[in-house]
Amino acid sequence: MTVLRESPWYQEIQQEGRQEGEQSLVLRQLTRQIGSVSPEARSKVQALSIKQLESLGEALLDFSNPSDLANWLQNNGNAEES
Amino acid sequence: MPKVADIGGKRLISLAPDAWVQWITQSSDVIAREILNSEFQWVSRQNDVLMKAFSPQHGEFLILNELQLRYTTKMPRRMRAYVGLAEEKFELPTYPVLVNILPPASTVTVSDRFESDFMGLQARQDYQVINLWQVDASIVFDQSISTLLPFVPVLQGGGDPEVVQRALQLLRLDESLSELEPLLGFFASFVLDTELVSQILRWDMAVLRESPWYQEIRQEGLEEGLQNEQALILRQLKHRVGEVSQNLTAQVRVLPRLQLEALGEALLDFSNPSELANWLQHNGRAEQS
């Protein structure tokens, strides 16, 4: 039923998919740039909004070690809100 | 298992065709004969179900069910057109029914008639209107109109968690109905918070995520997300190698997902545009054509 596509829940699931591609791209790029991404940092990255994820995508080009990511997450992530 | 969004009105009406036609015509002697193929040439139709029905009083006739999420002012003309097409094709009188699922904007009045008067020539088509939000949810249970079960949350009084649960129990009782469970969930999410919906339905989100229909919807999102990935990669390229020519940008835009992802990793080592051009030459679409 095409009307289902407009239901909030359907769109939430779609949104998850929409975000997933960029998430995995950024995570793979991070792994390549800084060696390895800790499970903790990984889950923080997964919790980022699309906007945050995209700005991380540009910032990571200048990263060279895990602390660059940790710093970025501290300054730009969701941590302070919780 | 069909895609959840492809479970159509046909499937729902065929759950209880007689109960359905009796309810929409408000006559207890009407019976459903068959669901017809209503693919009319020239008209794209997705939310309609055309059925052949019979009653002792009216003999054989057609019932045209049109399902709309929200009524729009285009509906009267469309109803008139579909009735015309159906009558022309099957040469039977038609009883048209417009089912509106959610209330329209407050400025819109739902009309149950098409009327026109052009250069003195008049046309008119009446149709039955069913506004689901005005239908008492209890009739679904009292009259066993199984077709309406997944719609219970959007019916009048249906947004009550207990009522949603009752509908769920009925769906779970019958194995052939259980595939409609997600439908119930989707309609519930129109009126209730999605987290509350999964609580009411006692859905285990971990199990849900593994279900084929969930994966399919996620996949739809993934395809749409490809454009965002492209945009991010183009920005990263600009950051890495400076301005990217239109020609190269166009080549990046046509990369399939896997290659786009490979480019995402490769670009981390780029430092000038010629490296991108090189990479595209070896990995892009160009060589395949």
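Values below: every heavy atom of this structure, side chains too, minus hydrogens, waters and symmetry copies. Lettering follows sequence order; numbering is per chain, from 1.
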Structural part of B:Glu261 lying under 4.5 Å from a heavy atom of chain A
both

Is a salt bridge present between B:Glu220 and A:Arg5, judged by a nitrogen-to-oxygen distance below 4.0 Å?
yes

So what's closer than 4.5 Å to chain A heavy atoms on B:Ile233: side chain, backbone, both or neither?
side chain

Could you tell me whether a side-chain N or O of A:Gln52 sits under 3.5 Å from a main-chain N or O of A:Asn76, the two making a donor and an acceptor?
yes

Under a 4.5 Å heavy-atom cut-off, does chain A meet the side chain of B:Leu226, its backbone, both or neither?
neither

In chain order, what residues pass the salt bridge (charged side-chain N to carboxylate O under 4.0 Å, His left out) check against B:Asp269, with sequence neighbours excluded?
A:Arg32

Among B:Gly221, B:Gly225, B:Gly264, which residue forms the greatest number of heavy-atom pairs with chain A at distances under 4.5 Å?
B:Gly221

Is the distance between the ring centroids of B:Phe190 and B:Trp133 less than 6.0 Å?
no

Please look at A:Glu6 and chain B and tell me whether the side chain, the backbone, both or neither of the residue comes under 4.5 angstrom of a heavy atom of that chain.
both

Residue from A:Leu25, A:Leu60, A:Leu61 scoring the most non-hydrogen pairs under 4.5 Å with chain B is A:Leu61

Partners meeting salt bridge (charged side-chain N to carboxylate O under 4.0 Å, His left out) with B:Glu224 (sequence neighbours left out)
A:Arg18

